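Notes follow the structure.
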Number of protein chains: 2
Amino acid sequence: MTKNITIHDLAKELGLDSSTISRALSDSPRVGSKTKERVLEKAKELGYQRNLMASNLRTNKTMTIGVVVPHISRHFFSEAIDGIEQVVASKKYRVVISQSRDDFENEKEIVNGLFMNRVDGLLISPSMETPNGDHLDLFYKNKIPVVLFDRYFDNGGLSKVIFEDNKGAYDLTQHLIDNGCKRIYHLAGDLNSQIYMQRFAGYKEALKENNLDFEETFVKESNLYKEDAEEFIVDLLKDKNNFPDAIICANDVSALAIMKYLDENTDIKVPEDIAIAGFSNEPASAIIKPGLTTIDQHPFRIGKTAADMLLKFIDDKENAFNASNTIVVKSELIIRGSSKKNK
Amino acid sequence: MTKNITIHDLAKELGLDSSTISRALSDSPRVGSKTKERVLEKAKELGYQRNLMASNLRTNKTMTIGVVVPHISRHFFSEAIDGIEQVVASKKYRVVISQSRDDFENEKEIVNGLFMNRVDGLLISPSMETPNGDHLDLFYKNKIPVVLFDRYFDNGGLSKVIFEDNKGAYDLTQHLIDNGCKRIYHLAGDLNSQIYMQRFAGYKEALKENNLDFEETFVKESNLYKEDAEEFIVDLLKDKNNFPDAIICANDVSALAIMKYLDENTDIKVPEDIAIAGFSNEPASAIIKPGLTTIDQHPFRIGKTAADMLLKFIDDKENAFNASNTIVVKSELIIRGSSKKNK
DNA sequence: TAAAAAAATACAATCGATTGTACAAATATT
DNA sequence: AATATTTGTACAATCGATTGTATTTTTTTA
């Protein structure tokens, strides 16, 4: 193994002290310009590459941001990570990305690991199982900024960038009502999670304000996978007398699964017989026919915003710990064919 | 700021030497069990967290893998990253992820940065612009293993995990021919890129072996975005006499765009009037109607395989630099409605 | 030209953990 | 009980870069 070149090697070669090399390489005014040139040239000649492990240790900075998400490959998160990476890279930071797989134990381990690596800040979208922010105390106590995004918990003091889940679901519901729907069901996510809770609440509020029926049986809590959606619709089909005239799903995956199921297994037509709406605006939602009415969550923007906030906190730690800052990213109603009843 | 607790703090508190603390924490046989207990207890009490910056510097290991992809949020790459992360995390490694945005200058900077961070290995899917592996010499010379995945270049010595692009395109073409297609066009990607080159070659081979016509005009090189696909189909529609009876697109995005365009703007039916096939098996391809015939690339498996190979090289550097290992991940033909002509 | 000021460079400690060697204490052997 | 052996700890150097202080060299000023 070609031994790595260090500033000491350069120093020896040039008959200078390593401190001078260090200063020359960081363009310090304390080093003469001829010397700087010599150093730079020699560094290039020997293929010197600064060792950031050493540098980080000394400066107590890693220029690294930890990012924790439930699943990297989910459309929402990969878009958010794209946004994060873009912002962070432009400020010469790097991202270390881990996935909790919605497992709290996993998440705790990851968070500890990131702390041991002394990341300069943490962006986290907690797992479904995460009850509170106690496992982030480590960061809090050591004044390393943390920003939650998308998912969160009511845990005093943590800053976050969240989505208008309530408003999104409200708008969706109101839109369906405006289109003549009266018996609107809701396939919900895990109601222990703030985001699904909010979606459920927005849906309910809209029903209430329009004096529409709401019964507990209208709502089914689930994991929102394809299979959950199929199970849900199969159940509903058993009692055709009480069939809904609209379903709002808490994500697109389940909404698409229901549309697909109805199309392939029944002669129930969307939107004529039943309107369907989803949440998240996945790429497939624009491609299915009819298109799926949904809420765009602007995941890229959420990621960007969270990263911006975190970097601001890193620069200005005062503010990072004085108040819990919350930014709410606006929802956007995307109306497509699946909701166009209008009778 | 609560000063971080170090092994020296623990040592002072317990009246021991820091070396003993270090050994106790790593469960060395050289430390007595009672002492170990005392250390562990005190560590927990004071909330000690090992500083990996220091540890890394000393041991010259970071337990970190650098990952470079063109775009994090593309389905293929986010799935591949998922696979990588899964493998790597199980061996207590972490991933630092960067995106080149298909910009070579960017990629060079990222690669240098990862080297300065002394990652223990590098997984890279090079940008479209990357001409060769010269910018990876740094790793090669310093015996840090590198594995290319998906995209690659013919540059002696680098190990890689690639996809059966040629075979995939061949199978797709053969399948269309078996279904009665005779005039098969190809919307290609950038032909400077090995993967698109291979897909093109596979398509051409299949035509040849079946003694079917091939003309240069059958092929259009493009960036494979939605807009490119629309432009392509609009052009074809101008000359209805020479309209193809099948199009193989080098990715799903463009194939879906063509299907969507035909459906919304013409009365040309898929697959009755024209068969369409894509490449990559995006989620939307299973949802559109008719479903899009395509090739599954198993991106998750590609990621996993590449990560496995890299970790093996890290453990056994001998082999990492003796030969260039190449694993080819098998393609899978996914037949859906868009190709079912059979007349 | 000598003294003062400014510029360039060297010295040495430090960041926190690891690890080879040396030493001391405890236990075993004869 | 005296010596040999094992076990447990301490000492000290090291990883590579950074940075405050000290020193030398050069330039300026009187």
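Convention: sequence-line order gives letters A, B, ...; per-chain numbering from 1. Values in this document were obtained by computation on a predicted structure and should not be read as measured data.
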- request: For T35(A), report the nucleic acid contact type (base, sugar-phosphate, nothing); a contact means any heavy atom under 4.0 Å.
  value: sugar-phosphate
task: In whole angstrom, give the distance that lies between atom NZ of K34(A) and atom P of dT25(D).
output: 15 Å
query: Choosing from dC15(C), dA17(D), dA17(C), which nucleotide comes nearest the side chain of R50(B)?
result: dA17(C)
- prompt: Would you call D82(A)-R101(B) a salt bridge at under 4.0 Å N-O?
  reply: yes
- prompt: Expressed in angstrom and rounded to an integer, what is the separation of D27(B) atom CG from dT19(C) atom P?
  reply: 14 Å
- prompt: Between T130(A) and S127(A), is a side chain to side chain donor-acceptor pair (under 3.5 Å) present by the stated rule, with each step listed?
  reply: CA-CA 5 Å; T130(A) 304; S127(A) 88; 2.8 Å; yes
Under-3.5 Å donor-acceptor pair between R23(A) side chain and dG20(D) base: yes
- request: Describe the nucleic acid contact of I21(B) in one word from base, sugar-phosphate, nothing, applying a heavy-atom distance below 4.0 Å.
  value: nothing
query: Which nucleotide, dT9(D), dT19(D), dG16(D), lies nearest any side-chain atom of T20(B)?
result: dT9(D)
K34(A) with E37(A): basic N within carboxylate O range, under 4.0 Å: no
task: Nearest whole angstrom, please: distance from the C1' of dT19(C) to the CG of L57(B).
output: 14 Å
N-O pairing of E45(A) and K42(A) below 4.0 Å: yes
message: Regarding L25(B), tell me which of base, sugar-phosphate or nothing describes its non-hydrogen contacts under 4.0 Å with the strands shown.
response: nothing
- request: Answer yes or no: does a side-chain N or O of S55(A) lie under 4.0 Å from OP1 or OP2 of dT18(D)?
  value: yes
message: Using a heavy-atom cut-off of 4.0 Å across all strands, would you classify S22(A) as base, sugar-phosphate, or nothing?
response: base
- request: When you get a sec, tell me which of dA12(C), dA17(D), dA12(D) is the closest nucleotide to the side chain of H8(A)?
  value: dA17(D)
message: Tell me if the side-chain of S19(B) makes a donor-acceptor pair with the base of dC11(D), cut-off 3.5 Å, by modelled atom types.
response: yes
Among dA17(C), dT19(D), dA10(D), the nucleotide that comes nearest once only the side chain of R30(B) is considered: dA10(D)
- line: A54(B) has its side chain closest, among dA17(C), dG16(D), dA10(D), to dA17(C)
NZ (K36(A)) with more than 12 external heavy atoms under 6.0 Å: yes
Over 12 foreign heavy atoms within 6.0 Å of NZ, K61(B): yes
message: Within the supplied structure, the quantity of interest is the number of heavy atoms (other residues, nucleotides, ligands) at a distance under 6.0 Å from R118(B) CZ; does it exceed 12?
response: yes
statement: Axis-to-axis angle for the helix from dT1(C)-dA30(D) to dT30(C)-dA1(D), ends of five pairs each, to 10°, equals 50°
field: Selection from dA12(D), dC15(C), dT9(C) that lies nearest to any side-chain heavy atom of R58(A)
entry: dC15(C)
